[in-house]
Amino acid sequence: MTSLQVLQATPPHLSSPKTQISPLRGIESCSTMAELKQLHSQVIRLGLAADNDAMGRVIKFCALSKNGDLGYALQVFDTMLHPDAFIYNTVMRGYLQCHLPRNCIVLYSQMLQDSVTPNKYTFPSVLRACCSYDAIGEGKQLHAHVVKLGYGADGFCQNNLIHMYVKFQSLEEARRVFDKMPRTDAVSWTTLITGYSQCGFVDEAFEIFELMPEKNSVSWNAMISSYVQSDRFHEAFALFQRMRVEKVELDKFMAASMLSACTGLGALEQGKWIHGYIEKSGIELDSKLATTIIDMYCKCGCLEKAFEVFNGLSHKGISSWNCMIGGLAMHGKGEAAIELFEKMQRDMVAPDNITFVNVLSACAHSGLVEEGQRYFQSMIEVHGIEPRKEHFGCMVDLLGRAGMLEEARKLISEMPMSPDVGVLGALLGACKIHGNVELGEHIGKRVIELEPENSGRYVLLANLYANVGRWEDVANVRRLMNDRGVKKVPGFSMIELEGVVNEFIAGGGAHPQTKEIYAKVDEMLKCIRSAGYVPDTEGVLHDLDEEEKENPLYYHSEKLAIAFGLLKTKPGETLRISKNLRVCKDCHQASKLISKVFDRDIIVRDRNRFHHFKRGECSCKDYW
DNA sequence: CTAGGGTTAG
């Protein structure tokens, strides 16, 4: 009887009338630090300067709220003689929020030294702190503490442990924690799913997803975005379809993932649908989502719509600017990209390193050599941004494309960091364009050894040899590829019609309307022949870059897609094709003529950029 | 107190 009374009685040091005092409750509803400081001094005058409850509230506001001030929180914290676990937890969360994970861990050990026992709210933040700087040793110790203090069944602690091991890429450990949990929830499952997928085990992630008992929209999105991030867009679409059938809410994260899927495929109609859904469902258009939409329109070949969304933004984030500039660059509109870049600065948005990658690549794609050089110079001199490898890569590309191979080589030798495959690859590409075998051979071999699994590098070197008739060397490269088991990426083209994605592979016959399509190709070629088309048979033999040379040139996937587009659309409609490799020379020539003879605009997205074919001309001005 | 989304050259 007595013991129960003791338990129910309020301990003497907490039994002040302060809960009735208004300044304490006012602290939570503060909106500025000035307001808070006033309340803080009132509370001190009431004699509560050492009171954990009162100071805990003050610290919580300073450390965690949007208008807080971690420095002030720390000052208050330092005055506390016996801060309790809540206060420690709060300051640790504050450190985490300010991206000071190390301080968070240090504070945890201080907490232990001060003999304050961590509670179940302590571990989520400390474990997350370990994640953010790969503190594996500390993480394992914390795991032991969690168990020792009896939180082996606490969902929050356990889920954070799973998350931590996932971050460390220790799937076995993550799995062990998961399997030991007496009760798992959606968070545990979803964390495991993203873990498997981030380690490259997307199929295993899907198996887990299927086993999961109660899927919510976060779990659905985790799986969908796993597919998107591993370029498995069709599976993303299929899962999305299933999700819609099961009436799961489409929220902004899901919308973002599906927009990326559309971007990946170049599926404009589907992308428009998601965009429309966002508008009519009132999903909040934050700056991330806006950027995703803009990117979708840019990469699906619709710059007008991208601009429409971009111009409609009241607050344009740096990513939105970057995205738009990059979009213009991809479409070969170098001058417009530069113009937008200047406008961005007039709007007082400071460019970052990504901005410069895009600006430099805009110059490279449009042959604006001097402008590019000037902007490269200005990075340090005007903007105080140190050029990175990517920027050197852009410059090598810029110079190389323009035929200034010697300058490009010189730039590489002057780079303050060692050139990566990207930089060397840009030079190799330039050697291919300008037929410089000597330099190309040297760079090509280096690049292949740096990235022996990348088929594109072998193909490029083989092409270089083929262009000058060094067939023996071509054969050697091919043999090397075979010996190492490196497979060429098969080429395909896609055209979306009425929201349906149609994919073609060179010489393929999987499409239900194969016969009609091939007939249309033949008709198409007959028509452009009379307009002067001569098949680039040289390319058939030599150009291993694009699609299997065994496949007849006439039936490259791009031509099949165009033929299908002509069959299925009305006169005057623009055809939009996207493909996974670069446009080959012959398809490029054919597309130009088709655009003229059939009076159709054709927009082709290739691996690197866009080609707008119109009245017999291409927007790339054959500079690609 | 825990899980899901954006912009980066070749």
Side-chain angles (χ1 to χ4, degrees), chain A residues 64 89-90 92-93 96 119-128 151 154-164 166 185-195 197 216-226 228-229 251-260 263 283 286-296 298-299 317-327 329-330 352-365 388-398 400-401 420-430 432 447 454 456-457 460 582 607-609:
Chain A
L64 300 178
N89 294 346
T90 307
M92 286 192 281
R93 277 172 65 200
L96 203 62
N119 61 24
K120 62 177 179 176
Y121 297 105
T122 308
F123 294 105
S125 16
V126 205
L127 290 170
R128 273 174 55 202
Y151 299 118
D154 179 81
F156 284 92
C157 291
Q158 297 302 307
N159 286 342
N160 276 291
L161 279 171
I162 299 176
H163 185 227
M164 180 186 74
V166 159
D185 60 10
V187 179
S188 336
W189 286 85
T190 307
T191 310
L192 209 57
I193 289 168
T194 36
S197 116
N216 61 21
S217 62
V218 183
S219 1
W220 280 93
N221 185 46
M223 195 58 233
I224 289 175
S225 83
S226 299
V228 173
Q229 277 156 20
D251 63 11
K252 67 170 170 175
F253 294 99
M254 190 80 64
S257 299
M258 288 312 298
L259 283 167
S260 297
T263 306
I283 288 177
D286 63 24
S287 104
K288 281 185 181 180
L289 189 55
T291 305
T292 316
I293 296 170
I294 294 169
D295 191 46
M296 182 276 293
C298 286
K299 295 203 175 118
I318 176 84
S319 326
S320 301
W321 285 98
N322 289 347
C323 194
M324 210 54 241
I325 292 171
M330 255 177 338
D352 64 5
N353 62 306
I354 296 174
T355 317
F356 278 100
V357 169
N358 289 342
V359 169
L360 295 177
S361 98
C363 294
H365 280 299
R388 303 187 189 179
K389 280 178 189 156
E390 304 92 285
H391 302 106
F392 281 96
C394 291
M395 288 309 288
V396 169
D397 184 40
L398 174 94
R401 271 178 207 274
D420 64 350
V421 252
V423 177
L424 295 172
L427 184 57
L428 177 59
K432 158 88 197 324
V447 163
N454 184 334
R457 313 294 190 190
L460 210 55
R582 289 187 48 185
R607 198 184 175 79
N608 294 336
R609 61 172 296 155

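Predicted model only: the values in this text are computed from it and were never measured. Chain letters run A, B, ... following the sequence lines, proteins first and then strands; every chain starts at 1.
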Remember a base hit wins even if backbone is also touched, and classify [X] as base, sugar-phosphate or nothing at under 4.0 Å, heavy atoms.
X	answer
R607(A)	nothing
V421(A)	base
T122(A)	nothing
D286(A)	base
R388(A)	nothing
S125(A)	nothing
N216(A)	base
G393(A)	base
S287(A)	base

Hits for salt bridge (Lys or Arg N to Asp or Glu O under 4.0 Å) against R128(A), two or more places apart or cross-chain, chain-then-number order -> none
Checking F392(A) now: which residues fulfil ring-ring contact (aromatic ring centres under 6.0 Å, His included) with it, not counting sequence neighbours? F376(A)
Along DNA chain B, 5' to 3', what are the outermost nucleotides having an atom less than 4.0 Å from a heavy atom of chain A? dC1(B) to dG10(B)
Does any donor atom in the side chain of [X] or [Y] lie under 3.5 Å from an acceptor atom in the other side chain?
X	Y	answer
N358(A)	T355(A)	no
S226(A)	S197(A)	yes
N159(A)	D185(A)	yes

When the ring planes of H391(A) and F356(A) are compared, do they come out parallel, tilted or perpendicular, using 30° and 60° as the limits? perpendicular
